[in-house]
Amino acid sequence: MVELVLPEEKVQFPRGTTLGQVAETLAPAAVAARVNGRLVDLTYPLVEDAEVEFITDGSPEGLEILRHSTAHVMAQAVKRLFPGTRFGIGPAIENGFYYDFDLPEPFSSDDLTRIEEEMKKIIEADLPFKRQELGKEEALEIFGGDVYKKELIEDLPDESVSIYSQGEFVDLCRGPHLPSTGYIKAFKLVNVAGAYWRGDSSRPMLQRIYGVAFPTQEELADHLHMLEEAAKRDHRRLGKELDLFSIHEEGPGFPFFHPKGMVLRNLLEDFWREVHIKRGYKEIKTPIILSEQLWRQSGHWDHYKDNMYFTTIDDATYAIKPMNCPGAMLVYKERLHSYREFPLRLAEMGLVHRHELSGVLHGLMRVRCFTQDDAHIFMLPSQIKDEISGIIDLVDYVYRQVFGFEYRVELSTRPENSMGSDEVWERATTALKEALEERGMEYTINEGDGAFYGPKIDFHLRDCLGRTWQCGTIQLDFLMPERFDLVYVGEDGERHRPVMIHRVVLGSIERFIGILIEHYAGAFPLWLAPVQVRVLTVGERHVEHASALEQKMSEAGIRVETDLRSEKVGYKIREAQVHQIPYMVVVGDKEVESGTLSIRHRRQGDLGAMSLEEFIERVENETRSKQGD
RNA sequence: GCCGGCGUAGCUCAACCGGUAGAGCAACCGCCUUGUAAGCGGUAGGUUGCGGGUUCAAAUCCCGCCGCUGGCUCCA
């Protein structure tokens, strides 16, 4: 007998009993199990006492298994329909799975439908997933004909590898898998995309089919519905509908801001200045075009040239800045600094241009020119941790407390093409790590993704479809001060080298606005709304009264406009609602007589009558509080 | 940059297998003078992204380019 310790109880079973047999009575909904901390299939035989926890398809691990198994079924279907196909990898991802295939002809959308049909047959046949362990040599005999699988097997560290089969299909796989294909209840293939083998652009491009999979049809339908809803809050769509910005063929990746978009942008910048002044930043502005020589000195020429634009003035080469740091260096060097000034925080709303690959441009999220809410902070080595901690605090204040965003933190370490010694990198990376840990921040490590001059902490925000975008970043830099021979006079009267931080909070104003649009679905909180109030007339005889109200509110600092057209009130309200205008003021005979206002709120509906003074106060309070609906 | 998809009126979309471009909304004009999410009628609006080719005939088929887009790679 073996003794199994389950979360709720202890049970005994004859030696050799499989987990599946145990699950029949104890956990009928199980799809896999965790035995002594390791995920295994239900076919796993119990040969010794163990701690066992069953996994259902509703749990995160269970979902991952479900999705991974669905990827195998898709691969099987593809192999049946396209026999010569070679196979890459096929993991589970958020909401679904993908599998990479190499075949001469591209998949069409009809092919996806055919593959789905074939998958349904495989699921209906309820083929069991069978695990087998074998030596690498044996595995190479089975998969050796497939260059990709061969490479995967050769790269595996262990001597034995596991393979899974369902019906006639065999795949190299660590597992675990569902007991059988019949466990798959709800899936859909969503799109095909090119993907380089192992993410390396110098290697062949495979065709990746993406699918989604859920435990039930309802959850699948909910997910697809969620995607439709998300598309409605896409900033590219709302940007057009709300007349905030546009991007033209004449300037791919170079956005234009319209009057309403500029109101939003200026309000965001006003807020940014207010916050930064309070935290001891001084604002500077440096030129967009600077001599190529400067960029050679900074190291950008060697490490960032491919992303830069150049121009010629009087036979000399100049670069259009992709970053603001060299400009800030020149400002720092303008005079001698004392340690008493430190930390010296020089902020800059800097417009930078970067040559991004045409295929990656995306609305306001990834563009070729953008404004960074940059700052360069010069300080003593002993001030590093406090300063970083202060920036983390600022980012959290802006993201979470003001805008209510959830965000993710990453620590990026030394990339391949970088400057400086290992010691310097080690010191800088440790400093960032310690600042994060002292604050108890959760973070993931992104190996090799740092800037060429130093490691960084990145703050990521999500868009409506759940894609994450890097916004804030804190980059520690021991190198640029070296390159520019920056000095300060210390307590001892000697000259020393300062340490520098590059940091942005919003990241790019453009990207941040994109995130804001999607976060609020265009319904900006009152303090950011391009138009806060629209005054609507009932009939022509109310025009004069409405215009007078507009003027009074405008004088009170409210962003107000009027709709004086000879249209029905319902029509005007609908239009104001569609444009997400927070307050509508209806002016008719009643209001002209009584001298009160009829207020409608875009979410709460008709608020009834109040005086102009009351309404102005309400708007002012709500604006000041920065609260949303 | 690479792989796939897409590009028709200001917007959203239609036009069977090639037969010569149409609807709703918006705009404009008029009627209605209107009370909390779409009143009615009319007018105008297109070298079908651009350039070639095939054909008696191309929005439709083929080639090249541009742009957008889903990914990959890269980054705020």
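Per chain, numbering begins at 1; letters A, B, ... match sequence-line order.
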Q: At 4.0 Å (heavy atoms only), tell me whether Glu241(A) reaches a base, stays on the sugar-phosphate, or touches nothing.
A: nothing
Q: Which pairs with one or both residues in residues 346-365 of chain A pass salt bridge (charged side-chain N to carboxylate O under 4.0 Å, His left out), sequence neighbours excluded?
A: Lys321(A)-Glu348(A)
Q: Using a 4.5 Å cut-off on heavy atoms from C-beta on, say whether the side chain of Thr371(A) contacts that of Glu510(A).
A: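 With C-beta onward as the side chain, the pair touches.
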Q: What class does the angle between the rings of His235(A) and His362(A) fall in, given that below 30° is parallel, 30 to 60° is tilted and above 60° is perpendicular?
A: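 Tilted: the ring planes of His235(A) and His362(A) meet at 30° to 60°.
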Q: Choose from U36(B), C72(B), C74(B) the nucleotide whose nearest atom is closest to any side-chain atom of Arg366(A).
A: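 Nearest to the side chain of Arg366(A) among the choices is C74(B).
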Q: Between the side-chain atoms of Tyr196(A) and the base atoms of G1(B), is any donor-acceptor pair under 3.5 Å?
A: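 Such a pair is found, so the answer is yes.
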Q: For Tyr304(A) and Tyr453(A), I'd like to know if the aromatic rings sit close, meaning centre-to-centre distance below 6.0 Å.
A: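 They do not qualify: ring centres at least 6.0 Å apart.
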Q: With nearest nucleotide decided by heavy atoms, which residue, Ser358(A) or Ala193(A), maps closer to the 5′ end of RNA chain B?
A: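 Residue closer to the 5' terminus by nearest nucleotide: Ser358(A).
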Q: How does protein reach along nucleotides 25-31 of chain B, written 5' to 3' as B (base within reach of a heavy atom under 4.0 Å), S (only sugar-phosphate), or - (no contact)?
A: -SS----
Q: Determine whether a donor-acceptor pair (one donor, one acceptor, N or O, separation below 3.5 Å) exists between the side chain of Glu540(A) and the base of U33(B).
A: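 Result: at least one qualifying N/O pair found.
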Q: If the plane angle is over 60° it's perpendicular, under 30° parallel, otherwise tilted; pick one for Phe271(A) and Tyr397(A).
A: tilted
Q: Apply ring-ring contact (aromatic ring centres under 6.0 Å, His included) to His460(A) and Tyr407(A), showing your working.
A: CA-CA 6 Å; His460(A) 296 252; Tyr407(A) 63 93; over 10 Å; no
Q: List for me each residue that meets side-chain hydrogen bond (donor to acceptor under 3.5 Å, both in side chains) alongside Asp234(A), sequence neighbours excluded, and say none if there are none.
A: Arg236(A)
Q: Suppose the criterion is salt bridge (charged side-chain N to carboxylate O under 4.0 Å, His left out): which pairs have a residue in residues 576-599 of chain A, not counting sequence neighbours?
A: Arg541(A)-Asp589(A)
Q: Reckon Ser508(A) touches a base, only the sugar-phosphate, or nothing at all at heavy-atom distances under 4.0 Å?
A: base
Q: Using the P atom as the point on both nucleotides, what is the distance between G18(B) and G1(B), in whole Å?
A: 33 Å
Q: Answer yes if the ring centres of Phe245(A) and Phe256(A) are under 6.0 angstrom apart, and no otherwise.
A: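 No, the ring of Phe245(A) stays outside the 6.0 Å limit from the ring of Phe256(A), centre to centre.
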Q: Quote, to the nearest angstrom, the C1' distance that separates C62(B) from G70(B).
A: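 About 26 Å, rounded to a whole number of Å.
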Q: For residues Phe403(A) and His519(A), establish whether the separation of their ring centroids is below 6.0 Å.
A: no
Q: Is the gap between the ring centers of Phe97(A) and Phe187(A) under 6.0 Å?
A: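 No.
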Q: Please find out if less than 6.0 Å separates the ring center of Phe310(A) from that of Trp301(A).
A: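 They qualify: ring centres under 6.0 Å apart.
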Q: Take the protein atom CZ of Phe101(A) and the nucleotide atom P of G71(B), then report the distance between them rounded to whole Å.
A: 18 Å
Q: Answer yes if the ring centres of Phe370(A) and Phe254(A) are under 6.0 angstrom apart, and no otherwise.
A: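 For Phe370(A) and Phe254(A), the ring centres are not under 6.0 Å apart.
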Q: So if I define the base as every atom that isn't primed, P, OP1 or OP2, how would nucleotides 43-51 of chain B read as a B/S/- string at a heavy-atom cutoff under 4.0 Å?
A: ---------
Q: Tell me every residue that passes salt bridge (Lys or Arg N to Asp or Glu O under 4.0 Å) with Glu614(A), counting only those two or more places apart in sequence or in another chain.
A: none
Q: Look at the aromatic rings of His303(A) and Phe452(A) and report parallel, tilted or perpendicular, splitting at 30° and 60°.
A: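 Geometry flag for Phe452(A) against His303(A): parallel rings.
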Q: Listed in order of residue number, which residues of residues 448-464 of chain A have a non-hydrogen atom at under 4.0 Å from RNA chain B?
A: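 Contacting residues: Asp449(A), Lys456(A).
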Q: For Glu387(A), which residues count as a salt bridge (Lys or Arg N to Asp or Glu O under 4.0 Å) partner, sequence neighbours excluded?
A: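 With sequence neighbours excluded, Glu387(A) shows a salt bridge (Lys or Arg N to Asp or Glu O under 4.0 Å) to Arg345(A), given in chain and number order.
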Q: Say we look at A14(B) and U55(B): how far apart would their P atoms be, to the nearest angstrom?
A: 31 Å
Q: Reading RNA chain B 5' to 3', what string of ( ), [ ], | and . shows its pairs, if Watson-Crick and G-U wobble pairs count only when both distances fall under 3.5 Å?
A: (((((((..((((.....[..)))).(((((.......))))).....(((((..]....))))))))))))....
Q: Take atom P in U36(B) and the same atom in G24(B), then report the distance between them in whole Å.
A: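 After rounding to an integer number of Å, I get 28 Å for this pair.
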Q: Rounded to whole angstrom, note down the P distance from A21(B) over to U60(B).
A: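 Per the computed distance, 14 Å lies between those P atoms.
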Q: What integer distance in Å separates Leu189(A):CG from G4(B):C1'?
A: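 The answer, rounded to whole Å, is 15 Å.
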Q: For the C1' atoms, the ones on G52(B) and on C11(B), what distance do you get once it is rounded to whole angstrom?
A: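 Looking at atom C1' only, G52(B) and C11(B) are 31 Å apart.
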Q: Just call it for Arg208(A): base, sugar-phosphate, or nothing, with non-hydrogen atoms closer than 4.0 Å on any strand.
A: sugar-phosphate
Q: Among A37(B), G35(B), G67(B), find the nucleotide with the atom closest to the side chain of Pro252(A).
A: G67(B)
Q: Which whole number of Å gives the distance between the P atom of C25(B) and that of C65(B)?
A: 41 Å
Q: Would you say the base of G71(B) and the side-chain of Gln207(A) have a donor-acceptor pair closer than 3.5 Å?
A: no
Q: Can you give me the N/O atom pairs linking the protein to nucleotides 14-17 of chain B at distances under 3.5 Å, or say none if there are none?
A:
none

Q: Between G19(B) and C61(B), how far apart are the C1' atoms? Round to whole Å, please.
A: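 My reading of the C1' atoms in C61(B) and G19(B) gives 15 Å.
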Q: Using the side chain to side chain contact (heavy atoms under 4.5 Å, CB included) criterion, which residues pair with Glu229(A)? Sequence neighbours excluded.
A: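 Here the qualifying residues are His225(A), Lys232(A).
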Q: Please tell me which of the listed nucleotides, A76(B), G71(B), U73(B), lies nearest to the side chain of Arg467(A)?
A: G71(B)
Q: Considering heavy-atom distances to RNA chain B, does Gly472(A) or Asp606(A) have its closest nucleotide positioned more toward the 5' end?
A: Asp606(A)
Q: Counting only side-chain heavy atoms from C-beta out, which of G71(B), A76(B), C11(B) sits nearest to Lys240(A)?
A: C11(B)
Q: Which pairs pass salt bridge (charged side-chain N to carboxylate O under 4.0 Å, His left out) with one or both residues in residues 448-462 of chain A, sequence neighbours excluded?
A: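 Matches after skipping sequence neighbours: Glu94(A)-Arg462(A), Lys456(A)-Asp458(A).
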